[in-house]
> 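So that we are looking at the same thing, I have put the structure below in structure tokens.
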Amino acid sequence: MLDPSSLEHPLRSILRLQCMFLVVYVVFSSPPEDPVKCSLQNKNCTITNSYGAFPDRTVCRAAEVVYPTTEKELIAAVAQASIDKRKVKVVTKYSHSIPKLVCPGGQDGLLISTRYLNHTIDVNPSTMTIAVESGVTLKEIIEQAAKAGLALPYTPYWWGLTIGGLLSTGAHGSTLWGKGSAVHDYVVGLRIVAPAGPKEGYAKVRNLDNSHTDMDAAKVSLGVLGVISLVTLKLQPLFKRSITFLAKNDSDLADQIINFGNQHEFADIAWYPSQHKAVYRMDDRVPSNVSGNGVNDFIGFRSTLSVALALIRSLEEGQESTSNADGKCTSAKLITSTLMSSGFGFSNNGIAFTGYPILGYQNRVQASGSCLNSLQNAEITACPWDPRVKGEFFHQTTISIALTKIKSFIEDVQKLKDLEPKAFCGVELYNGILLRYVKASSAYLGKQEDALDLDISYYRSKDPLTPRLYEDVLEEIEQLALLKYGGLPHWGKNRNIAFDGVIKKYDSARAFLKVKELYDPMGVFSSEWTDQILGIQGNVNIVKDGCALEGLCICSQDSHCAPNKGYVCRPGRVYKDARVCTRLSSLRKL
Ligand SMILES: Cc1cc2nc3c(=O)[nH]c(=O)nc-3n(C[C@H](O)[C@H](O)[C@H](O)COP(=O)(O)OP(=O)(O)OC[C@H]3O[C@@H](n4cnc5c(N)ncnc54)[C@H](O)[C@@H]3O)c2cc1C
Ligand SMILES: *[C@@H]1O[C@H](CO)[C@@H](O)[C@H](O)[C@H]1NC(C)=O
Ligand SMILES: *[C@@H]1O[C@H](CO)[C@@H](O)[C@H](O)[C@H]1NC(C)=O
Ligand SMILES: *[C@@H]1O[C@H](CO)[C@@H](O)[C@H](O)[C@H]1NC(C)=O
Ligand SMILES: *[C@@H]1O[C@H](CO)[C@@H](O)[C@H](O)[C@H]1NC(C)=O
């Protein structure tokens, strides 16, 4: 007799295949390209980010790129730029930030790459510090510290970031304990090279420690104070953690969220609203004699077969173009259950996932990014977002909401979910809404209050004028977070509108600008974008047809959406002050 469930629908087989591809461990990979491309040798260059697209999809230009290998060469580059009165920006090995932070002002700026400033200078077990050049990646810091029996306690989850870049944008992991999860709150020393006048040889090196109040400006600086050359971080003795992911009904999430952060040192929560599910990460230190050698190799950061990436993308494009919300929900459930049954890429021993808890050393569980481990192989595999292959292409909305307001925010999102139960399936394809804990910082451009940082990735069409499924719901969440709850955008992620008027949300904005005036009075390291976000000149909004679809504006008239495709500008459904692109037919039809 035939079991009817064995009769596979073709879509189900594709999904199966998709999930299989996700968990296949691939050894070969091609490393990401240099984000800078020049038509002449190191001259006449374009610069982009690791996704190959800024929020406004423009390409930035620079007249030249230089690759200093020592601090001395770096100082010389800054001095030459200040003599030539050229605009300057620092570019890193991969350039992971989404907004246009890396673009030098004007058209003929200079890029200073930190690609070769990648040396660890000193690891000191007695002071428990590490000193590194600013182009050193998080991966390298973690490895070098561990060799000396030390660890950075809280870091971003992706190890491809450089210390200079991640500090400049306030990057973080997740904790409410100690000084919190932002790496900049563990900085104890910083050397920064800024432009200067002829008396000082056109470049000045400042050596800051925490006794300088300037440190509060320099440790999160958006790159506008000069080039960070050397960073010293405070470490801890290497420790072990015990990690368990627990999936629960999300009905009491709003009530649990603060307690949970207080209970577990490395807590975070992945939230899947359409699946009524929240995955709680119960993650704490354990004594180092507890046995176990767990490893984090997060599936989303692994090398993935290019054919699989293309297949997954095509499936999603198909679901978008046919408004197949049910298809997305089916895919999302399969992806979530696959991720969960494979421990999200954690293994108990570096080989296999056999169940929780994962017990392992901090240096092997805190961060990952194996798609960067490179054999210079062809484009058979890549990081999932590598722009050279057809693969992931998404918007990322990353905003922190004060703990005092997070309960109401969650409840508002749940109200939206009740009105549109399938609206979040698209987000769940990208592993849901990641909620991470961050603490108030003394950094002028750091977090103002203890907060939850929500991180949402969702489909971005290759065509900027094509709206996406549940466009309105995601726009409403973005505006809820930013406007109703006054959330702070991550400086290195987000779409333009997240930064509209952002500087007014920072109590110490004036203090920051004073230091900027002192370090770089001519604005050599400033650009159109940094002037806009710092409230110095101009505005991040780009108003034109279809602008709301890409988050370049909040719609105020239908033409900002896609009226010819049935998307018009309407108030939000839970947050009436929101203005979102709503599909007319979704108001009645279907
Ligand atoms: C896959 C992935 C995962 C991520 N995960 C996290 C996460 O878990 N948590 C989190 O908070 N963020 C995360 N991010 C975002 C990330 O933290 C930021 O985008 C970060 O700024 C990128 O670092 P980068 O080295 O690529 O810097 P870039 O994006 O290249 O540079 C950022 C800015 O800093 C400036 N800058 C860089 N180096 C220097 C220097 N030496 N001196 C002066 N200015 C400098 C640049 O000019 C630019 O303005 C993630 C990003 C990706 C792509
Ligand atoms: C500079 O680069 C652009 C394209 O990026 C190209 O069209 C132009 O010819 C180049 N100029 C020179 C002098 O090579
Ligand atoms: C520094 O970068 C260069 C060029 O990418 C590389 O060859 C070298 O191995 C790196 N050194 C370290 C210490 O990572
Ligand atoms: C979640 O729990 C609530 C109450 O505890 C219950 O009403 C609801 O049906 C549950 N939902 C699911 C999907 O289990
Ligand atoms: C670990 O060490 C502590 C004290 O040093 C001891 O009490 C405990 O029994 C040890 N645990 C294991 C699993 O060896």
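Keep in mind that what you see is a predicted model, and the values were worked out from it rather than measured. Counting starts at 1 for both ligands and their atoms, in listed order.
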> Taking 4.0 angstrom as the limit, do Lys139 and Glu143 come out as a salt bridge?
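A salt bridge links Lys139 with Glu143.
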
> Considering only the protein, which heavy-atom contact is closest to atom 5 (O) of ligand 3, and what is its distance?
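Answer, as residue, atom name and distance: Arg115 NH1, 4.1 Å.
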
> Does atom 2 (O) of ligand 5 have any protein heavy atom closer than 4.0 Å?
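Given the 4.0 Å limit, the answer for atom 2 (O) of ligand 5 is yes, a protein heavy atom qualifies.
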
> Hey, does the Lys NZ or Arg CZ of Arg313 hover above the aromatic six-ring of Phe393, less than 6.0 Å from the centre and inside 45° of the axis?
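No, a cation-pi geometry is absent between Arg313 and Phe393.
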
> Name the option, out of Gly226, Gly164, Ser221, that contains the heavy atom nearest to atom 43 (C) of ligand 1.
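Shortest heavy-atom distance from atom 43 (C) of ligand 1: Gly226.
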
> Under 4.0 Å, heavy atoms only, figure out whether ligand 1 is touched by the backbone of Pro156, its side chain, both or neither.
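Both parts.
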
> Give the atoms of ligand 1, by number and element, whose distance to some non-hydrogen atom of Ser134 is under 4.0 Å.
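In order of numbering, the contacting atoms are 41 (N).
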
> Under the 4.0 Å line, does any protein heavy atom show up next to atom 14 (O) of ligand 3?
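So atom 14 (O) of ligand 3 has protein heavy-atom neighbours under 4.0 Å.
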
> Any atom of ligand 1 sitting under 4.0 Å from a heavy atom of Tyr94?
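It does not, in that no heavy atom of Tyr94 comes within the 4.0 Å cut-off of ligand 1.
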
> Is ligand 1 under 4.0 Å from a heavy atom in the side chain of Arg436, in the backbone, in both, or in neither?
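Within the 4.0 Å criterion, Arg436 contacts ligand 1 through side-chain atoms alone.
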
> Using a strict 4.0 Å cut-off to heavy atoms of Tyr51, name the atoms of ligand 1 that fall inside it.
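The list of qualifying atoms is 52 (C), 53 (C).
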
> Got a salt bridge between Asp450 and Lys439, using NZ or NE/NH1/NH2 to carboxylate O under 4.0 Å?
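Result for this pair is no, no salt bridge flagged.
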
> Does ligand 1 have an atom under 4.0 Å from some heavy atom of Phe525?
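No, Phe525 has no heavy atom closer than 4.0 Å to ligand 1.
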
> So between Ser113, Ser168, Gly165, whose heavy atom ends up nearest atom 31 (O) of ligand 1?
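Looking at heavy atoms only, the winner is Gly165.
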
> Can you check which of Ile98, Leu161, Leu101 brings a heavy atom nearest to atom 51 (C) of ligand 1?
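Shortest heavy-atom distance from atom 51 (C) of ligand 1: Leu161.
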
> Does atom 9 (O) of ligand 3 have any protein heavy atom closer than 4.0 Å?
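Protein heavy atom within 4.0 Å of atom 9 (O) of ligand 3: absent.
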
> Looking at Asp520 and Phe525, would you say the former's side chain and the latter's main chain have a donor-acceptor pair under 3.5 Å?
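Checking the backbone N and O of Phe525 against the side chain of Asp520, a donor-acceptor pair under 3.5 Å is found.
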
> For Gly369, is the nearest heavy atom under 4.0 Å from an atom of ligand 1?
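No, Gly369 has no heavy atoms under 4.0 Å from ligand 1.
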
> If you count the atoms of ligand 3 from 1 in the order shown, which ones are under 4.0 Å from a heavy atom of Tyr116?
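It comes down to these atoms of ligand 3: 4 (C).
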
> Taking only heavy atoms of Ile228 into account, list the atoms of ligand 1 that are under 4.0 Å away from them.
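Every atom of ligand 1 under 4.0 Å from some heavy atom of Ile228: 40 (C), 41 (N), 42 (N), 43 (C).
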
> Which residue supplies the protein heavy atom nearest to atom 6 (C) of ligand 5, what is that atom called, and how far is it?
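I find the closest protein heavy atom is Asn289 ND2, 4.1 Å.
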
> Considering only heavy atoms, does Lys93 approach ligand 1 within less than 4.0 Å through its side chain, its backbone, both, or neither?
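Near ligand 1, Lys93 shows nothing, with every heavy atom at 4.0 Å or more.
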
> Return the orientation label for the Phe346 and Phe245 ring planes: parallel under 30°, perpendicular over 60°, tilted otherwise.
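Correct class here is tilted.
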
> Which residue owns the protein heavy atom closest to atom 12 (C) of ligand 3, what's the atom, and how far is it?
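Minimum-distance protein heavy atom for atom 12 (C) of ligand 3 reads Asn118 ND2, 3.5 Å.
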
> Taking non-hydrogen atoms only, is Val90 closer than 4.0 angstrom to ligand 1 via side chain, backbone, both or neither?
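The answer is both.
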
> Would Trp491 count as a contact residue for ligand 1, given that I'm defining contact as a non-hydrogen atom of the residue lying under 4.0 Å from a ligand atom?
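For ligand 1, residue contact (heavy atoms, under 4.0 Å) with Trp491 is absent.
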
> Select one of side chain, backbone, both or neither to describe which atoms of Leu222 lie under 4.0 Å from any atom of ligand 1, heavy atoms only.
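It is the backbone that touches ligand 1; the side chain stays farther off.
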
